[in-house]
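Down below is the structure, laid out as structure tokens.
Below, chain A is the first sequence line, B the second, and so on; all start at residue 1. Here the structure is a predicted model, which means the values were calculated and not measured. Computation of the quantities below employed the complete heavy-atom set of this structure, encompassing side-chain atoms and omitting hydrogens, waters and symmetry-equivalent molecules.
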Amino acid sequence: MQGLAFGGDYNPEQWPLEVQEEDVRLMREAGVNLVSLGIFAWARMEPRDGVYAFEWLDEVVDRLHASGISVNLGTPTAAPPAWFFRKYPDAFPVTRDGTRIGFGGRETACSSHPGFLAATSRLVGRLAERYGDHPGVVMWHVHNEYGAPLGECYCPASVHAWRDWLRTRYASLDALNEAWGTTFWGQTYGEWAEIDAPRWSHTVVNPAQRLDYARFANHEHLAHYRLQRSLLAGTGKPVTTNFAGTVNCKSMDLWSWAPELDVIANDHYLVAEREDNHIQLAMSADLSRSLAGGGPWMIMEHSTGAVSWQDRGIAKRPGEMRRNSLAHVARGSDSVLFFQWRASRFGAEKFHSAMVPQAGTDSQLWRDVVALGADLRGLAGLRGARVDAPEVAIVWDWESYWALELEWRPSGDLSYLERVEAFYEALWREHVTVDFVHPSADISRYRVVVAPSSYLLADASAKNLQRYVETGGTLLVSYFSGIVDEHDTVHHGAYPGALRDVLGLSVEEFHPLRADQTVTLDRPARIWSERVRLHGAAAVRTFGDGPDAGHPAVTRHALGAGTAWYLATAPHPADLRALLRQVLDGAAVQRPHGLPETLELVRRGGHAFLINHADTPAQVPGITGQDLLTGAPFTGEVPAGGVAVISVGSSPCP
Amino acid sequence: MQGLAFGGDYNPEQWPLEVQEEDVRLMREAGVNLVSLGIFAWARMEPRDGVYAFEWLDEVVDRLHASGISVNLGTPTAAPPAWFFRKYPDAFPVTRDGTRIGFGGRETACSSHPGFLAATSRLVGRLAERYGDHPGVVMWHVHNEYGAPLGECYCPASVHAWRDWLRTRYASLDALNEAWGTTFWGQTYGEWAEIDAPRWSHTVVNPAQRLDYARFANHEHLAHYRLQRSLLAGTGKPVTTNFAGTVNCKSMDLWSWAPELDVIANDHYLVAEREDNHIQLAMSADLSRSLAGGGPWMIMEHSTGAVSWQDRGIAKRPGEMRRNSLAHVARGSDSVLFFQWRASRFGAEKFHSAMVPQAGTDSQLWRDVVALGADLRGLAGLRGARVDAPEVAIVWDWESYWALELEWRPSGDLSYLERVEAFYEALWREHVTVDFVHPSADISRYRVVVAPSSYLLADASAKNLQRYVETGGTLLVSYFSGIVDEHDTVHHGAYPGALRDVLGLSVEEFHPLRADQTVTLDRPARIWSERVRLHGAAAVRTFGDGPDAGHPAVTRHALGAGTAWYLATAPHPADLRALLRQVLDGAAVQRPHGLPETLELVRRGGHAFLINHADTPAQVPGITGQDLLTGAPFTGEVPAGGVAVISVGSSPCP
Amino acid sequence: MQGLAFGGDYNPEQWPLEVQEEDVRLMREAGVNLVSLGIFAWARMEPRDGVYAFEWLDEVVDRLHASGISVNLGTPTAAPPAWFFRKYPDAFPVTRDGTRIGFGGRETACSSHPGFLAATSRLVGRLAERYGDHPGVVMWHVHNEYGAPLGECYCPASVHAWRDWLRTRYASLDALNEAWGTTFWGQTYGEWAEIDAPRWSHTVVNPAQRLDYARFANHEHLAHYRLQRSLLAGTGKPVTTNFAGTVNCKSMDLWSWAPELDVIANDHYLVAEREDNHIQLAMSADLSRSLAGGGPWMIMEHSTGAVSWQDRGIAKRPGEMRRNSLAHVARGSDSVLFFQWRASRFGAEKFHSAMVPQAGTDSQLWRDVVALGADLRGLAGLRGARVDAPEVAIVWDWESYWALELEWRPSGDLSYLERVEAFYEALWREHVTVDFVHPSADISRYRVVVAPSSYLLADASAKNLQRYVETGGTLLVSYFSGIVDEHDTVHHGAYPGALRDVLGLSVEEFHPLRADQTVTLDRPARIWSERVRLHGAAAVRTFGDGPDAGHPAVTRHALGAGTAWYLATAPHPADLRALLRQVLDGAAVQRPHGLPETLELVRRGGHAFLINHADTPAQVPGITGQDLLTGAPFTGEVPAGGVAVISVGSSPCP
């Protein structure tokens, strides 16, 4: 394959031959060069236990290959056939409150079930054998969206695997009892067999156990992926699985998955009712690129229009599909792939948009798809190019996300995603492209690192942040960070135990706000106030009122060669923006000036992507060069809703 | 029996003899001539398995008969006794998520359970034998409100019956796989035994399977009814069962029930907190009459005042019971029956109103009941009379209702009932009495047929509507109609596949609105917008703004001798009213003019019922005649909250 | 022990020895003299089935005793160990809808389970034996908060015990069928084995059965307590259990528990988001004192600051912990005990406040704890003193609470607690200290008795209220009182059957209001209106509008030597206050005048407690004497947020 990949999920098994033949013709018309095949086709591939039927698939792959369309071949393990569940009725997952799910959805088998593992091995081995050498198959698409909808399973097979996982993790029950703090509420275990999954109870149960169960669930799904990867690796073709939204799928720790994928692949769907959903798209793309180590990645699924599973299937506005697609490319994607090629006539997702809609090709949507294909051919040279290295990083840690949102936290208004998004949005509006980093990663290359609500922080991660500051970095931490270690145990001493020294302060008492209560910086702040005591840091800003009136709300601590900032509340977006400007300026972070905040600007491989999310034209002074999308020199104006991709070479920030 | 039936559900088993004797005295005082007996008395009739005790019932029936009060004798299968469930604990229904219900409510046995069917046969056979010849028993009341609260059951007996039902319906698995679209998400079945009920899953399951399961549940309850009917038919007395609200009980397809009943019987309860609930009452009555083929039917239960099962037991206002009762009669009921004769002192419904309230007979409510009895004696001559044949019909199809409200539709704001009610209300305020029709029925006699949100439309039904228009009919269709066939499969080609030709348009893309978003016709419209493309139809009205600004919102298509209108949004009631006037005028539908819109006017058997729902007197010019309720000539004014029933013979519309 | 008890729950098993030693040092610094030990330590005491380990506990008790700190020794039955549940997996409770709870919370064993009873006996016997003579152990703390979170259990062992309980209660099935009204919906039982728990059904089940099941659940927990008490009684030390909030724990009928406790012990936690939560605190304390027969009681747990289990862990304001603590003492507590001594570093409650917070002793909270210890030493002389006997009582009956809030009541807005709180608050603001009484108790000593929403009233209780009025008492009853008897059966005749005679009126029909509907007295009233008919009573006030416009809203009935008032709606607080003033004045109830309504005034043992809940100083004319907290004469002013305890001897009301 050359250039950017363009295409989508393709389910020929739903259609008669004549439609399949039309499909190929239309794919060529639109410039489609890659389709994902077979993702839900187990029942077609192995119609009865041990009876295989691949001829139909051979024909599809051959037909596509003959037309120059490559195949991303799916392993269909997200949808075991009906005969499988008749054979193994106990392979259906069980929820935390003990409900066993039924047949007919997706991810309906428990990743820990021995029968499921055996059936997976057998089928995937056959696929590797049959298609490993086919020149039309260019990559493997394992399973589908691990972790959604099936995160944790509470079936007996899971409990069995859980005890094994715990034995490996802790070696001794003493270590486990210590890690889980089982002296609380008298939960000490004397035998491994006494340990159950952290089932629903009428009050909350052990949070360390729940946190470990989230890790275990991630491990089991990853093990199921690795089993498949090991069977496919011999084909020499890249293996991946499509993440169920880097930002949106809370259940999987994608930092642990990334090293196991030959290419990072992400699915992204807009929260359609949000007017600013293009910002969350950018965040999802930046997180995908970060998982890819800054290199290229693939958007494996997004939508041409409405999705079927949200409260309201809001369609995309004119130009929105194009802006979304090019935003993914701008932020490092080497593909623009959709769910789905052609809308199903039946089944749960028939009202989901597609490249070929129910209305067929005499439709604006199809014309937009064809035009997008042309756009992408113009950008072919960007394949493999890296996004210009960001100077700012945001700490992102699924374990902290999980731990922060367990029950009985100091406030139900605490939300991991809400806080990260608040900081991301402010940076996006400042035209600052960011990386996401694990708190234990090498962050020395960033001028600024932001840690929003980093509740769980292991000692090593805390030391990493401290070293970063001491050697010249600028760290900005927000409230409820550095509170617990990897076992959800409070760090010793006053809050925030893991960050007291680097921040030069302690927190004497949390003062979460009442519903709808605010406190004042320049404008109303929400959710949180707390009593900060300074031990080296200086107060930059105090609370104007509320339970901590007159006490520090924003602090700065000079430490070694660097600076650590702290923010003790959830300020109004304008106040957060002002604070971030101060922090960025202090760290000499380069960024363009004079641009409308609704203009998205990202640089990749010597090109500036300019995406105008406003309904009015955007003036972009200081950027000149050829626009790859029009072939003409850039006029300095991006039309309302339009996109420009300007060859700027290595020119500095405008 | 002569005249209109007046009375209610009667539970003498809850009372000592002296109260039962007082009951008969009071019934005579009020003019009660029919009571429904024994509906929950299985435990009294068969106190132990196979041990019968009918003597108490003999005495009650005899006592009533001796006083000229007829009996509508219930078969008590909605409440099997405790001994039954000890014998068959697996007869308790199971919910979709696997919870088995407990003892003590209603409809607590699964209609597919063999033990329940056997016990039903045995007891009902005994009842037929013992009371079949009793002159005091004039009709049979089978079970109680099939479908509420028990619609679908997921127990093993149900699954067994389900597979049988599917074998009958589809004959082959190939046909079933085709109908259900099992190639979607790899659900193809290779053996009948692999098919389970569509249980709860962590994502949605196959919608065609769910739709069939709704049909199956309807079938099983109907089969249970038919079993009883077959046992009672030999007595020569009419057999019925009381519908759990023609409009309100979504779970039963009453079109399939109607032919099995000797007389249609409906229960209707106001949604008490709604100020306009008398309009929904009218709709329920019109649908009851439509199920009865236009002939008389029975209101089997309504209430004298508050019900016990709504969030708030709002009592009726002065005159409201009378207006409600006479509205049922106006729209074809030959009865005014209540749940219940006398308020229970214990049990779940003791705060439900009754003809004899807890306060006893020294109460306004009792005085109103006695007066109502007198009113009904004045209307005795109307028994058996037909309502004047309506010129307008509304399409009503439970299968479309079920399908439209499955998960993952284009908008969670889509509601079958909401749309039908919107059109019904506009017609009610225009003083237009309507019939309801199945889309496959003979509709040639109507001047106008309205099809609101007729999402599911089989080919034959679509052809029926087309033939109707071509031969001169006027059809008005609203959005999201004609989308899928009977298997919830999208009709071929652009939306609305089943109605493109008759409407002369296609829909390129749905644009469901955000929560609280509106678009503008003359006034704000809600829920829906879409991109209409004209293929023969003319735009009557375009959207003033929103995603389809400038594109058609209302269209008209001249086809053959008729006209087909289309409405692409949910307009403000005033705009809908204006559109309906235009459609009615175009079709020369007769209706009175100059009446207040709060005055209900219905013609039955040469009489005009005038029901004034306003707090001020209503002037009704142009109607003269005797008022059956006062015996005096009608003055041309209906008092605030009052009713008049005028002998108008066959005079034309005022 | 001498003086007031000061301390809290202590969990040394969570800490290393050096922290335990620091604990003792800090306890002495703060003046702690009592700690509750071992409440969740079963797994430490009996680490394996039948294997005991008490040495660690011996050391802790000895260390505390050596430092003059007494021990309130817990029996740890609220948290059986993991080995116990491996042995008896069926000891986990089952919810009403059939979900079995998992391990890791609290109250995780069914109180009816034979294995649990046996294990309880064995362990508690050992504790009695080992610590019964220890001079450092001064009392026994059985279990923890019976009834929260475990009220009713639906497991097989519970059903077995339930049938036994019913046999004892009813002797015959005829009596049970009669009491439960099983003729309704045909539920008559023919064998005891047919009776199940009142499980969840798809409609409501028998309310009398549900009411009895609530009684049964109370009985089973109480039996579990009594089993332990019988084992501990021989030690001669007082035995208690901490109530899970006298006001807040609906599931236990504490009137039945009180006689079984040597000292009443209550846990109280603020509803932190409510600004007026100090009034509910006062109510909880008054109810605790009432359970203690007017004598002293113990606050066993309250909090120094935020709790962990509410939506938001709102911290206490400056002075609030002190005001809360002294309010408990003012209303009869001989203790100020907290959950907890030292904040846990792990487990579900690590964000719950403590006497030693996460921030350690260099914190305002610790300094406040030390100061509070000093305050309490100043009040040592109050130990054992009685609160001045109130002249006003409020009827409180858990059985009525349970029955009122079962399903299908006349309005979902009916709330037992809401009504009682409304009356309590008005009295609190009038500076009237109240007792709570069971409706069957001797109430002859009160000038006024208030019965808010006393829905369930047995005949004997009704007679008791009538006798009270006839002999000179003043009774004030609010709507929906006296409706049913102890079986939830409506009293004969018009509402309110049990109170018609004493009130001199009947209620013809309930008119519950629509959501957000109001009717008018002087100001808007909510929730309820009804049609009152007078039979001896006089209308004091009529409804200004609504369904009962012009009919009585407030009535007064002179009966014998007394007066019975009735209030037929939920008035605006100001109108309720005005009515109460009229009733109090009519009954010559003494109360102070001229005080701000935010000043709490209570008299105990010759001292006036003045607690200023306002942010401004309060002037208190007419009270003089030494302030025990400052040692100085009282100046007549209580500072903003401050407290004064003035030696006033037996001087009259200011």
Counting heavy-atom pairs closer than 4.5 Å to chain A, which one of [options] comes out on top?
{"options": "B/G412, B/S201, B/G98", "value": "B/S201"}
{"options": "B/A193, B/P512, B/A208, B/P410", "value": "B/P410"}
{"options": "B/Q209, B/R199, B/Q187", "value": "B/Q187"}
{"options": "B/H511, B/E194, B/R96, B/E191", "value": "B/E194"}
{"options": "B/G190, B/P198, B/G497", "value": "B/G190"}

Given a strict heavy-atom distance threshold of 4.5 Å, which part of [X] is in contact with chain A: side chain, backbone, both, or neither?
{"X": "B/E509", "value": "side chain"}
{"X": "B/A197", "value": "neither"}
{"X": "B/P547", "value": "neither"}
{"X": "B/S506", "value": "neither"}
{"X": "B/L513", "value": "backbone"}
{"X": "B/D196", "value": "neither"}

Report yes or no: does B/H202 contribute a side-chain atom to a donor-acceptor pair with the main-chain N or O of A/E107 at less than 3.5 Å?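 Present.
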Against chain B, label [X] side chain, backbone, both or neither, depending on which of its atoms sit under 4.5 Å from a heavy atom there.
{"X": "A/W83", "value": "both"}
{"X": "A/A272", "value": "backbone"}
{"X": "A/R48", "value": "side chain"}
{"X": "A/A348", "value": "both"}
{"X": "A/N11", "value": "neither"}
{"X": "A/R312", "value": "both"}

[X] side, atom [atom1]; [Y] side, atom [atom2] - distance, nearest 0.5 Å:
{"X": "A/K350", "Y": "B/R409", "atom1": "NZ", "atom2": "CZ", "value": "4.5 Å"}
{"X": "A/D362", "Y": "B/E508", "atom1": "CG", "atom2": "CD", "value": "7.0 Å"}
{"X": "B/T203", "Y": "A/L150", "atom1": "OG1", "atom2": "CG", "value": "11.5 Å"}
{"X": "B/W408", "Y": "A/Q310", "atom1": "CH2", "atom2": "CD", "value": "10.5 Å"}
{"X": "A/I314", "Y": "B/S411", "atom1": "CD1", "atom2": "OG", "value": "7.0 Å"}
{"X": "A/S353", "Y": "B/F510", "atom1": "OG", "atom2": "CZ", "value": "12.5 Å"}

Should we say atom NE2 of B/H492 is surrounded by more than 12 heavy atoms from elsewhere, each under 6.0 Å from it?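 Open.
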B/Q517 atom CD, neighbour heavy-atom count above 12 within 6.0 Å: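 Yes, because the 6.0 Å sphere around CD of B/Q517 holds more than 12 heavy atoms from other groups.
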Side chain to side chain donor-acceptor pair (under 3.5 Å) evaluation trace for A/R345 with B/H491: CA-CA 8 Å; A/R345 291 183 54 228; B/H491 286 288; over 6 Å; no
Testing B/T182, B/V490, B/T183 one by one against A/F346 for a side chain to side chain contact (heavy atoms under 4.5 Å, CB included), which residue passes?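 The side chain to side chain contact (heavy atoms under 4.5 Å, CB included) with A/F346 is passed solely by B/T183 among B/T182, B/V490, B/T183.
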